[in-house]
Participant: 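My structure is below; once you've seen it, I'll send some questions.
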Amino acid sequence: VSESYRLMCRFKATFVLDQPALQGFDWMLWLDSDSYFTGEVEEDFAATMQRQNAIFGYTHVGREDAPVIKNLFDIALLFEASELGGSKDRPPAA
């Protein structure tokens, strides 16, 4: 995975939420430049997420090969502790 892709993932996971332009918003829908809806959106996904008190939504769940995710959870916890560390009103998960 390229360094630029890793930096983009880091930005999306941390810094984008702190941008002044997003302050005061309750929701953000992130679509990549190559994203599109394949048909009519029949459900108000924001209303569904709000009704269920959700903090994150996703479109699908997949399975990855074991070598791809080896130590992923531990690395995610380390990233959270070093980059988020409970700062900005986002407490650490563990």
Side-chain angles (χ1 to χ4, degrees):
V1 176
S2 70
E3 180 181 7
S4 61
Y5 182 80
R6 290 192 308 269
L7 289 171
M8 184 237 2
C9 292
R10 182 176 185 219
F11 175 75
K12 285 182 176 182
T14 57
F15 304 116
V16 73
L17 302 173
D18 298 326
Q19 296 303 304
L22 295 177
Q23 301 310 302
F25 285 93
D26 294 324
W27 299 96
M28 178 178 65
L29 174 63
W30 190 291
L31 295 173
D32 290 333
S33 61
D34 59 351
S35 298
Y36 58 92
F37 294 103
T38 58
E40 183 178 339
V41 178
E42 298 179 7
E43 181 180 358
D44 182 341
F45 48 85
T48 300
M49 289 181 65
Q50 187 170 20
R51 187 172 54 253
Q52 295 179 359
N53 215 17
I55 59 170
F56 185 81
Y58 53 90
T59 59
H60 65 278
V61 176
R63 296 182 73 77
E64 298 286 356
D65 293 331
V68 173
I69 60 170
K70 182 180 180 183
N71 302 322
L72 180 61
F73 186 73
D74 293 332
I75 292 168
L77 289 177
L78 287 171
F79 174 81
E80 180 183 49
S82 66
E83 295 293 328
L84 302 180
S87 65
K88 300 176 182 62
D89 300 321
R90 292 190 298 269

Participant: Tell me the closest heavy-atom pair linking Val16 and Leu22, and the distance in Å.
Facilitator: O-CD1, 3.1 Å
Participant: Kindly write out the residues that satisfy side-chain contact (heavy atoms from CB on, under 4.5 Å) with Ile75, not counting sequence neighbours, or none if the list is empty.
Facilitator: Asn71
Participant: Is there a path of hydrophobic side-chain contacts, each under 4.5 Å between heavy atoms of I/L/V/M/F/W/Y residues, joining Leu29 to Val41?
Facilitator: yes
Participant: Indicate every side-chain donor-acceptor pair of residues 44-51 with a distance under 3.5 Å to a residue at least two apart or in another chain.
Facilitator:
{"residue": "Asp44", "atom": "OD1", "partner": "Ala46", "partner atom": "N", "Å": "3.2"}
{"residue": "Asp44", "atom": "OD1", "partner": "Ala47", "partner atom": "N", "Å": "3.1"}
{"residue": "Thr48", "atom": "OG1", "partner": "Glu43", "partner atom": "OE2", "Å": "2.5"}
{"residue": "Thr48", "atom": "OG1", "partner": "Asp44", "partner atom": "O", "Å": "3.2"}
{"residue": "Thr48", "atom": "OG1", "partner": "Arg51", "partner atom": "NH2", "Å": "3.3"}

Participant: Go through the structure and list residues passing salt bridge (Lys or Arg N to Asp or Glu O under 4.0 Å) with Asp32, not counting sequence neighbours.
Facilitator: Lys12
Participant: Inspect the surroundings of CG in Asn53 and state if more than 12 heavy atoms from other residues, nucleotides or ligands are less than 6.0 Å away.
Facilitator: no
